[in-house]
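Let me begin by presenting the structure, written as structure tokens, before commenting on it.
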Amino acid sequence: MNNEYLEKLAKKLKNDGEARFARKALAYYDGEQEEEMRKFLNAPNSFRKHRNKKGQSIRTRNLVKKIVDASGLLFNDSLPKFEVWDNGAPSEQLTQSFTDIFNEANGTEFFSNFDNMVRLLKSGAVLVQYDEATNRFYFDHLNVGTCVGRTDPVIRELTEIVYSSDEDADETFRYMSPEVVIDFELTTTGVNIISSVPNTLGFIPLAIFHDTHTPRCGLWNTTPTELVGLNEAYNAYLMDVEYAGAWQTVSTLFTTANLEPTQLSSNDTFDRMASRTVTDSTGKKVAATTSPQTTSEVIGGPGQIVRAHVKSGESAVFEYKSPQGDINNISAVFAAMTKDFAADWSVRFSEGNSVASSGFQLLVEEMPNLELRKARQRMFEAGFKRLYMVMKRIVPTLSGELFTVFSDPALPVNQNDEEVVWSRRIQEGRASRVDYFMATQGLSEQEALAKIAKIDAFNANNPQASTRKIVVNGSASTNAG
């Protein structure tokens, strides 16, 4: 492996347009928008590049995160259920082994963050590392912004990757192939090899996850640009609205007179100002009302005095004016635009405080998000299979095939309606109080039984709390506990 080739791969990762955009998209999601907005506003073709002279400040709102986090994420509810099958049957021992590995690697926290990254960038990868001394696995995430790789066009197996190996050092990279692992850094003179060792694994321990579909070719799906573009436009809109509001609030003075700024000391008065004299070039004392300097900047407002110069025999026009644009119309346009972009990501923004009037209406409204989640579940189930295959190649004592089952999403419902439905089910014998607590509070059967026993014990000593009248279809029913 020659240094020129390593330098080419590292520079591709640093300078490739899609890689740079992925890093920008993650910065927007993480709320690090101000620096990116500064680049956007300072672009040579931007009419907002003079904002500093106008006194405009950068304003941001994290629409990227708001939309992505509402867009079919899989780790917002309960964790998926893992089950390892071996010889055609589930294995409790292998399942427990994987669960322990997953927990020791902080899998819950890792995949909660990894999930939204895959949703935003459409692909991600888990780099699996193993410490023989502690017998522990470690997960690290890579994406199109931090990793460039090649795959075999026939079997789609990775043949080499280069990734940023130190978040705090932009010039430090690792090259990995089935044969060798090379740590190196880019310098002003080329590549400096830090270390080069054989790859004892004989393969690249990377498990790829995709959002809703696999790429037609290559390692990564194409990252969509519309959310970042929307957020940039919205941030600029916030700045413009703030600026326009200030101009509409504070009118501008239009006049035909020449104006000169005047600064008064704390002891100055208008009378003293009028009687002040200066000495001219001939030594003669004259009034201080000389012609204004054309380079002066005149700023009016509270506590300010502006001197107007009018030629003898002429009258000056003084008039305050302000823009008459309708900011509300612009706001409505951006609200509609945001709603449309969110719908493209299967996210529904409700109008004001409106809520679905029935469970069926809620189901219909959330159907795109539910379908999205099902598609993402299939992709992540396949991703976890690849992850377990990588782990098995690292530690041969692991065996079998991993199956992942995600829980059904919990839709927001009207709590009062839900209570009435459960009361009817319990009254008609179609459900028990154990079912109620397990379904609505996520308790296990043992926890639900313990809670019911505690409630019954309390009610036994409090007769007024032992029965409740619940109206179901106009008739009152009694539900103990």
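- A donor-acceptor pair shorter than 3.5 Å cannot be found between the side chains of S91 and D86.
- Taking the ring centre of F406 as origin, the terminal cationic atom of K374 falls outside the region bounded by 6.0 Å and 45° from the ring axis.
- You'll find the side chain of L26 reaches within 4.5 Å of the side chain of N143, heavy atoms only.
- Proximity of L238 to V241: side-chain heavy atoms (C-beta onward) are nowhere separated by under 4.5 Å.
- Contact detail for N116 and N113: the closest heavy-atom pair is OD1-O, 2.6 Å.
- Annotation: the span from E32 atom CD to N62 atom CG amounts to 10.5 Å, rounded to 0.5 Å.
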Given F209 and F380, is the ring pair (Phe, Tyr, Trp, His ring centres under 6.0 Å) satisfied, shown in steps? CA-CA 6 Å; F209 286 70; F380 265 70; 5.2 Å; yes
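- Between D131 and T134, the side chains place a donor N or O and an acceptor N or O closer than 3.5 Å (distance only, hydrogens not considered).
- Using a 4.5 Å cut-off on side-chain heavy atoms (C-beta onward), Q93 and T95 make no contact.
- In this model, no donor atom of one side chain and acceptor atom of the other lie less than 3.5 Å apart for Y130 and R136.
- Side-chain contact annotation: S331 with Y237, donor-acceptor N/O pair under 3.5 Å present.
- Side-chain atoms of V390 and L206, non-hydrogen and from C-beta on, never get closer than 4.5 Å to each other.
- Considering every non-hydrogen atom in both P224 and F21, the closest pair reads O-CE2, 3.4 Å.
- Proximity of a side-chain donor or acceptor of N106 to a complementary backbone N or O of E109 within less than 3.5 Å is not detected.
- From F173, atom CZ reaches atom OG of S164 across 5.0 Å, with rounding to the nearest 0.5 Å.
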For D140 and V126, run side-chain contact (heavy atoms from CB on, under 4.5 Å): C-alpha distance rounded to whole Å, both residues' side-chain angles, the deciding distance at 0.1 Å, then the answer. CA-CA 6 Å; D140 197 4; V126 179; over 6 Å; no
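- Test T172, I193, N3, N192 against F184 for side-chain contact (heavy atoms from CB on, under 4.5 Å) and you get one pass: I193.
- A salt bridge links R174 with D183: at least one charged nitrogen is closer than 4.0 Å to a carboxylate oxygen.
- Between E157 and R393 there is a salt bridge, since a side-chain N of the basic residue sits under 4.0 Å from a carboxylate O of the acidic one.
- Atom CZ of F334 is separated from atom CG of L63 by 10.0 Å, given to the nearest 0.5 angstrom.
- Between atom CG of residue L73 and atom CZ of residue F75 there is a gap of 10.0 Å, rounded to the nearest 0.5 Å.
- Side chain of Q129 to main chain of Y138: no donor-acceptor pair is present (N/O by atom type, distance under 3.5 Å, no hydrogens or angles).
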Test side-chain contact (heavy atoms from CB on, under 4.5 Å) on T223 and V144 and set out the steps. CA-CA 8 Å; T223 302; V144 65; 3.8 Å; yes
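- Counting heavy atoms from C-beta outward, H210 and K122 have side chains that stay 4.5 Å or more apart.
- Separation of atoms CD (E160) and CG (L9) is listed at 5.5 Å; rounding is to 0.5 Å.
- Residue-environment remark: CE (M389) stays at or below the threshold of 12 foreign heavy atoms within 6.0 Å.
- Under the salt bridge (Lys or Arg N to Asp or Glu O under 4.0 Å) rule, R59 has a single partner from E242, E232, E34, which is E242.
- Ion pairing between E35 and R38 holds under the 4.0 Å rule for side-chain N and carboxylate O.
- With hydrogens and angles disregarded, no donor-acceptor distance shorter than 3.5 Å links the side chain of K385 to the backbone of E401.
- The pair D16-K11 does not count as a salt bridge, with every side-chain nitrogen at least 4.0 angstrom from each carboxylate oxygen.
- Side-chain atoms of S71 and R119 form a donor-acceptor pair, as typed in the model, at a separation below 3.5 Å.
- If you take CG on N231 and CZ on F341, they are separated by 11.0 Å, rounding to the nearest 0.5 Å.
- Here the options are E419, Q441, R425, the test is side-chain hydrogen bond (donor to acceptor under 3.5 Å, both in side chains), and the partner is Y436; only E419 passes.
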Given R378 and E381, is the salt bridge (charged side-chain N to carboxylate O under 4.0 Å, His left out) satisfied, shown in steps? CA-CA 5 Å; R378 290 192 292 270; E381 288 165 4; over 6 Å; no
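- You'll find the side chain of F384 reaches within 4.5 Å of the side chain of L387, heavy atoms only.
- A salt bridge links D456 with R433: the closest approach of a Lys/Arg side-chain nitrogen to an acidic carboxylate oxygen falls below 4.0 angstrom.
- Taking the six-membered ring for Trp and the full ring otherwise, the centers of F102 and Y388 sit at least 6.0 Å from each other.
- A cation-pi arrangement is not found for K339 relative to W345, the charged atom failing to lie both closer than 6.0 Å to the ring centre and inside a 45° cone about the ring normal.
- Contact of the K14 side chain with the E171 side chain is registered, since non-hydrogen atoms from C-beta on lie closer than 4.5 Å.
- Within the 4.5 Å cutoff, no side-chain heavy atoms of V148 are placed close to those of I161.
- Around the NZ atom of K392, the shell of radius 6.0 Å holds more than 12 heavy atoms that belong to other residues, nucleotides or ligands.
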